[in-house]
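Contents: one structure, followed by commentary.
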Amino acid sequence: MDAILLQILNGLDKGSAYALIALGLTLIFGTLGVVNFAHGALFMLGAFCAVSLQKLVAVSKITIDPSQVDFLGNPLKVKTPYVIEWFGPKIGNAIIDWNVPLAIIIAIPVMLLIGYVMERGLIKHFYKRPHADQILVTFGLAIVIQELVKANFGANPIPTPAPDQFVGSFNVGALIGLDASYPYWRLIYFAFSALIISSVFAFLRFTTFGMVVRAGMADRETVGLLGINIDRRFTIMFGIAAAVAGLAGVMYTPINSPNYHMGMDFLVLSFVVVVVGGMGSLPGAVSAGFLLGILESFASMNEVKGFFEMLYLPSIDQIIIYLVAIIVLLTRPRGLMGKAGVMEE
Amino acid sequence: MSKFTRRGLIKTSATVGAGLAMPTFITSPLAAYTNAPTGGSVTLGFNVPQSGPYADEGADELRAYKLAVEHLNGGGDGGMMNTFSSKSLTGNGILGKKVEYVTGDTQTKSDAARASAKSMIEKDGAVMITGGSSSGVAIAVQGLCQEAGVIFMAGLTHSNDTTGKDKKANGFRHFFNGYMSGAALAPVLEARYGKDRNAYHLTADYTWGWTQQESIQAATEAKGWNTVNNVLTPLATTDFSSYVAPVLNSGADVLVLNHYGGNMINSLTSAVQFGLRDKMVNGKNFEIVVPLYSRLMARGAGENVKGIFGSTNWHWSLSDEGSKAFVKSFGTKYGFPPSQAAHTTYVQTLLYADACERSGTFNPCGVSEALEGFKFDGMGNGPTEYRAEDHQCFKDVLVVKGKENPTSEFDVLEVVEITPRSQVEYAVDHPMFAGGALGKCNPGA
Amino acid sequence: MINTPDNSEPSRPIYFSAHDIHAYYGESYIVQGISLNVHEGEILALLGRNGAGKTSTLRAIARLDDPAIHKGEIWLDHQPLHNMKAWEAAQAGIALVPEDRRVIQGLTVEENLQLAQIEKPIGWSLERIYELFPRLGERRKQEGTTLSGGEQQMLAIGRALARDIKLLLLDEPYEGLAPVIVQEIEKTLRLIREQGITTIIVEQNAVAALKLADRAVILDTGGVVFSGTAKEVLENEKLRHDYLAI
Amino acid sequence: MNTISKADMKTLFFVAIIALLAPFILNPFPTDSGLAQFNAGYPDLMQRFAIYGILAIGFNILFGLTGYLSFGHAAFLGVGSYSAVWMFKLLSMNIIPALILSVIVAGLFSLLIGFISLRRSGIYFSILTLAFAQMSFALAYSVLTPLTNGETGLQITLNDPRILAAENVSGNLPVTTLFGLEMRDTWAMQVGAWDFQFNIGYYICAIFLLLAFYLSIRIFRSPFGMMLRAVKTNQNRLNYTGINTRPYTLAAFVISGMYAGLAGGLMASMDPLAGAERMQWTASGEIVLMTILGGTGTLLGPVMGAGFIKYFENIFSKINDTVLHGWFSWMPDGLENIIVWVLHLFTGKGWHLTLGIMFMLIVIFLPGGLMEGMSRIGNWWKRRKGDDDAESKSTTTAAE
């Protein structure tokens with residue numbers, strides 16, 4: 001039971017990342033009709049907002065300490081971050097420690113801006129172009145973004161730890177009489193994702209702006225006939241989708257050290273998630289994200305792997321996502337909740 | 001023309017007067033081997049990952065190559081050329097020819113690496129190829145060099161197969177391997193963690209992972225450890241939580257992570273997040289082991305590496321003369337200490353150049369003869385031998401652990417023990433290295 | 001293509017005019033030089049056989065992306081519409097009630113109406129619309145697309161009235177409706193006429209349209225073949241036979 | 001069947017000339033000049049141009065004609081390679097049986113995948129093919145190691161049985177041949193400062209490229225090709241008229257899978273190694289990019305797209321700082337360093353950046369891909385010539 005609870009938690013955690021990216025992809029696709037291959041890059045940019053802030057708060061005053069030597073035998077240059085210089089060790093260290101949560105505040109405007117610029121500068125010209133062209137241009141953009149990040153930050157992963165309070169794990173199982181410790185930050189990540197996902201849904205459901213966007217997604221032309229400039233709203237939605245991906249990226253950094261190609265690692269899986277969920281369906285994208293995350297976690301359990309090995313299917317964890325995708329798409333023509341006629345041509 | 005040979009063509013083209021035909025891959029009338037240098041210079045091919053996850057490691061290798069070339073051509077402070085036991089290198093290039101180089105991107109993919117190596121051989125006339133940051137690539141390029149008739153000096157490749165079942169006469173490996181990691185680590189682990197341990201292995205699900213896991217398991221079991229489980233993880237895994245979670249209740253008290261690069265960083269991070277290191281199991285502290293460490297990669301795991309044991313080929317903090325000379329010239333030129341990948345590629349370049357000098361030729365067969373059984377010292381690893389039978393270097397292996405109180409961002413690992421060479425040696429026909437044949441050196445005919 | 005001169009009473013000023021409109025769906029040339037004039041408060045019936053270009057003309061006037069106007073001018077109450085996008089034209093006072101009603105999926109009846117009142121100028125209040133169509137009021141929380149055909153038509157018309165419009169474009173308001181419902185819609189349209197809203201109505205059922213309209217224009221293969229009063233059409237046997245099949 | 005039209009004949013002839021003269025055309029710069037870096041006329045790259053050309057032509061038969069976007073074509077390439085290498089290991093080093101098996105196995109594999117995937121259309125089809133290919137990749141990389149040699153890739157070894165080959169006494173690995181003609185044989189022709197290489201393997205690939213191209217022209221112009229185009233424009237209407245389009249699309253899928261298998265087989269024939277990463281989604285994506293970049297649905301475009309990407313991958317990645325310094329050494333030091341610093345972002349390890357920028361520029365400004373660029377240049381040239389003619393006419397009249 002403990003093991004199952006843990007794998008459910010793992011699945012929800014993995015699913016959170018898939019769901020957040022897939023949600024953004026679907027928002028963009030549903031509003032603008034654009035297949036955005038640069039979405040993974042936006043996720044990565046979010047993570048690098050946290051890395052940048054980390055670098056920024058670590059900018060240091062250099063003093064030379066002749067009593068110590070560096071690896072070449074020269075006097076050691078001692079670095080004191082300016083935040084410690086200015087605010088004293090207590091506040092300074094706290095700022096450095098709380099870098100990831102602080103990065104959220106920075107990431108929101110930055111990602112909204114990036115999304116806005118991207119949509120106005122590039123994507124806008126591709127509304128009426130074939131999907132293949134959209135894929136190519138956004139893929140090109142993704143490469144450019146990645147390479148620029150690589151040129152700046154290198155190719156190696158950069159550790160971006162969570163605040164000290166959240167290091168370690170918490171016995172979640174104890175709440176229901178089991179024994180299952182789960183890392184704090186992963187719990188936070190799941191809670192945060194759930195919050196973001198429900199905020200997006202609430203925003204669409206309960207605000208006028210959201211109503212217009214929903215209407216625009218359903219019938220862009222008619223909304224225009226009612227005097228509404230839907231393009232302007234969709235641009236904002238693009239910004240929001242970018243911000244969602246970015247926040248997913250920021251919060252992901254303590255889980256796995258970010259690197260420049262982390263976006264590509266997620267991109268393909270996220271597309272699978274979106275399609276399994278059904279093109280154009282937001283609830284579909286989210287539920288498929290969690291579903292695949294949980295199935296992936298279960299498939300990596302030794303018992304499950306052993307069972308499938310008996311069925312002559314060794315290493316089920318290697319292929320589970322794709323296998324599930326095939327089964328879902330063959331049994332449900334448009335994924336879990338897809339709409340008829342959306343990208344079926 | 002009944003037989004479409006090169007010579008035939010050369011004759012015809014010569015009579016036609018279109019110019020002299022020069023086959024590239026094969027024996028030319030002038031030289032007996034591929035890409036024999038004709039002018040005042042000789043070209044080496046540095047084939048390293050410049051894109052993809054190992055790009056930083058590749059960049060460090062490239063820095064070391066450039067430094068080696070500088071030293072060979074008489075520039076800089078000479079680095080390890082001054083401490084190298086063989087004194088045939090004088091700083092006037094190789095055999096009097098100025099050393100030039102071309103670079104390429106392996107992308108850490110066999111296909112791309114071979115394409116890049118081929119272009120160096122076919123287009124740029126490289127007479128030796130070196131580099132690589134993964135075993136798959138090393139073995140693929142080694143095979144190519146064997147076919148093309150050039151020498152391959154492997155860079156960072158740790159799989160037993162490189163000098164085991166996939167060994168080739170034209171290929172040479174300075175770097176250590178999975179077996180050596182196991183042999184070096186096991187006694188240290190026994191001394192620190194005791195004889196009565198239950199190990200749980202997480203292993204990257206491909207050949208390198210398998211060979212390393214096999215080596216570590218054999219070595220630790222010989223010391224009395226018990227292997228509870230070995231779980232294979234897909235290469236593409238980024239989140240190892242679902243593999244780490246079951247370790248908690250498996251009864252194991254040691255987790256061995258047979259992962260490298262991004263996989264290693266992510267699996268180690270997950271393991272630490274799940275609080276494995278704070279656990280007490282069977283009345284013992286739970287421990288994590290990362291058999292193959294790379295300082296560059298260990299940095300990516302941040303704080304999580306502290307106190308974790310592993311092995312490495314070389315580390316910049318070593319205090320022998322060779323290491324000091326190398327760290328000094330590398331550090332002066334680039335401002336930070338070299339990685340083990342940089343060290344091994346630098347040494348390989350010097351060893352190749354030295355072998356050319358000693359044999360008096362660039363002919364792969366001559367170079368190979370000079371390298372086989374070559375004993376040397378002063379290159380940072382103590383007395384070393386290139387074994388003739390499998391072209392594997394035998395030398396001391398470093399057991400390291402993540403440093404608790406680093407003084408700088410490079411100060412990630414500390415050397416806890418230098419395992420003597422005798423302890424990591426194995427017979428040529430050891431079952432983990434069996435199958436495959438070295439073949440004969442191929443000069444490209 | 002005959003371009004019949006406008007023979008309406010010269011005393012009333014022209015409120016809406018479309019002049020020599022040429023519009024394309026991609027490569028296909030659909031609207032081939034159509035000109036229309038409508039006076040304020042007047043109802044114009046746009047008639048013609050299937051494929052004559054009636055719907056396309058309305059869509060072109062409403063400035064939807066398809067068909068794209070390559071040439072021509074459109075003026076409504078001294079505002080040039082030909083350079084506008086659909087939403088700008090809508091803000092300038094155009095409302096199109098499309099043939100298939102286009103009730104928006106996923107939105108309630110009320111939301112469908114609210115959507116029309118997001119941008120200015122705002123017309124009838126929701127209460128007034130519910131007064132006109134009590135059935136919509138009863139179903140205000142229901143999803144719009146679950147309504148019956150007639151109710152959807154009411155919703156579409158209501159949505160147009162929710163905006164302060166200068167020109168109403170009605171595309172096939174009776175299509176696919178049961179005779180009982182047709183009567184009801186007819187009543188509504190008469191009501192709209194009493195309001196004095198300038199209207200262009202496209203209708204397959206020419207007789208029904210002509211009962212309502214002041215004037216009529218007949219289209220054929222993308223051009224205007226007749227323009228005159230509704231009475232003239234009803235009296236001209238040949239015209240009815242040639243172009244309207246009635 | 002209808003005969004091949006004059007225009008198509010001209011295109012085919014054009015491709016044949018280019019392929020024949022590639023060693024000259026691709027080596028425009030003298031060997032010793034700094035620009036020699038841009039020469040692409042060496043055997044390996046020329047082989048790759050031809051092989052990826054075949055791959056892209058095949059992909060275009062599916063995507064360009066029917067509009068079905070497969071994201072899993074690399075799987076067929078990989079399967080073709082593995083089949084070929086196995087033939088080299090088991091039978092002999094002759095490439096003919098290897099190629100035959102590659103095409104057959106890839107054909108069967110694509111029949112299976114196509115049969116299942118074509119039950120869906122649009123993006124659902126794309127993801128199904130992607131899923132199959134990714135599964136193939138994952139399995140080839142680990143579980144199927146006995147068959148594929150996993151990470152390392154399948155290579156020939158000295159111990160292979162090779163039942164049809166004479167016993168190997170040289171102690172060296174045997175080389176791939178076509179009835180004794182070695183694929184790696186190259187002879188070089190030196191003309192002044194130029195060094196041109198003629199490689200047997202390349203010419204074999206070029207012959208296959210021409211055959212593949214010819215076949216694709218025939219398919220494009222055949223009633224079958226018309227049918228496929230109809231599928232692209234309106235599948236529903238075809239279904240309403242009672243025509244079952246599935247057999248046609250499946251045929252197109254299998255044909256393009258066989259093309260990929262041939263390409264994979266040729267790749268292994270030129271260089272007897274088959275690696276799993278040949279089947280990864282990035283490899284499939286590359287095929288898609290090649291086709292779109294060159295011009296979807298055009299005959300020549302995919303070949304150009306393939307050449308474009310392979311050129312960047314192999315040429316730009318090799319321009320390192322030293323090379324750059326070599327080019328700009330004539331400048332004052334400060335300026336030289338600045339220029340090298342800027343350029344090094346785009347070359348060597350930054351070649352991906354250049355590639356990404358080129359992708360974007362081409363899609364933004366040439367919606368029809370490189371082919372549109374070509375036709376624009378062609379039109380501009382014609383117009384300019386026309387203008388010139390007109391101008392010269394007017395000037396002559398003026399003079400009179």
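- The minimum heavy-atom distance between D:Pro367 and A:Asp133, with the atom names listed, is O-OD2, 3.7 Å.
- Inter-residue side-chain proximity for A:Met264 and D:Trp281 is flagged as met; some heavy-atom pair is nearer than 4.5 Å.
- Residues A:Val144 and D:Gly356 come closest through the heavy atom pair CG2-C, 3.6 Å.
- Atom CD1 of A:Ile321 is separated from atom CE of D:Met135 by 12.5 Å, given to the nearest 0.5 angstrom.
- Among D:Arg120, D:Arg119, D:Met360, D:Met358, the residue making the largest number of heavy-atom pairs under 4.5 Å with chain A is D:Arg120.
- Interface residue D:Ile357: backbone and side-chain heavy atoms are both found under 4.5 Å from chain A.
- Using a 4.5 Å heavy-atom cutoff, the side chains of D:Leu130 and A:Phe271 are not in contact.
- Interface residue D:Ile364: backbone and side-chain heavy atoms are both found under 4.5 Å from chain A.
- Ranked by heavy-atom pairs under 4.5 Å with chain A, the first of D:Ser142, D:Gly67, D:Ser117 is D:Ser142.
- Within 6.0 Å of CZ on A:Phe153 lie more than 12 heavy atoms contributed by other residues, nucleotides or ligands.
- Heavy-atom distances place the side chain of D:Phe71, and not its backbone, under 4.5 Å from chain A.
- Taking the side chain as every heavy atom from C-beta outward, D:Leu69 and A:His131 never approach each other to under 4.5 Å.
- The candidate with the highest count of non-hydrogen atom pairs below 4.5 Å against chain D, out of A:His125, A:Gln134, A:Arg129, A:Lys150, is A:Arg129.
- In this structure, chain D has no heavy atom under 4.5 Å from any part of A:Phe29.
- Neither the backbone nor the side chain of D:Phe137 comes within contact range of chain A, judged by heavy atoms closer than 4.5 Å.
- Under the 3.5 Å distance criterion, the side-chain polar atoms of D:Tyr124 are left unmatched by any main-chain donor or acceptor of A:Gly278.
- For D:Tyr248, the OH atom sits in a loose shell: 12 or fewer heavy atoms of surrounding residues, nucleotides or ligands are nearer than 6.0 Å.
- Looking at D:Leu355, there are no atoms closer than 4.5 Å to chain A (heavy atoms on both sides), in backbone or side chain.
- Between D:Ala138 and A:Gln318, the closest heavy-atom pair is CB-OE1, 3.7 Å.
- Contact annotation: the side chain of D:Val363 approaches that of A:Phe126 to within less than 4.5 Å [non-hydrogen atoms, C-beta and beyond].
- With rounding to the nearest 0.5 angstrom, the CD1 atom of D:Ile127 is 9.0 Å from the OH atom of A:Tyr322.
- Looking at A:Ile135, the atoms closer than 4.5 Å to chain D (heavy atoms on both sides) all sit in the side chain, from C-beta outward.
- Under the 4.5 Å side-chain criterion, counting only non-hydrogen atoms from C-beta, A:Val137 is not in contact with D:Phe359.
- Under a cut-off of 6.0 angstrom, the local environment of NZ in D:Lys349 is sparse, with at most 12 non-hydrogen atoms contributed by other residues, nucleotides or ligands.
- Inter-residue side-chain proximity for A:Leu330 and D:Ile116 is flagged as met; some heavy-atom pair is nearer than 4.5 Å.
- Rounded to the nearest 0.5 angstrom, A:Leu323 CG and D:Gln134 CD are separated by 13.5 Å.
- If you take CD1 on A:Ile326 and CZ on D:Phe132, they are separated by 3.5 Å, rounding to the nearest 0.5 Å.
- Rounding to the nearest 0.5 Å places CG of D:Leu128 at 4.5 Å from CG of A:Leu329.
- Atom NE2 in D:His352 sits 7.5 Å away from atom OH in A:Tyr260 (nearest 0.5 Å).
- Proximity to chain D (any heavy atom under 4.5 Å) is restricted, for A:Leu122, to the side chain, taken from C-beta onward.
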### Message
side-chain contact (heavy atoms from CB on, under 4.5 Å), that's the test. Do D:Leu353 and A:Ile143 meet it? Break it down for me.
### Response
CA-CA 6 Å; D:Leu353 181 60; A:Ile143 294 178; over 6 Å; no
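- Looking at D:Leu361, neither its backbone nor its side chain comes within 4.5 Å of chain A, counting heavy atoms on both sides.
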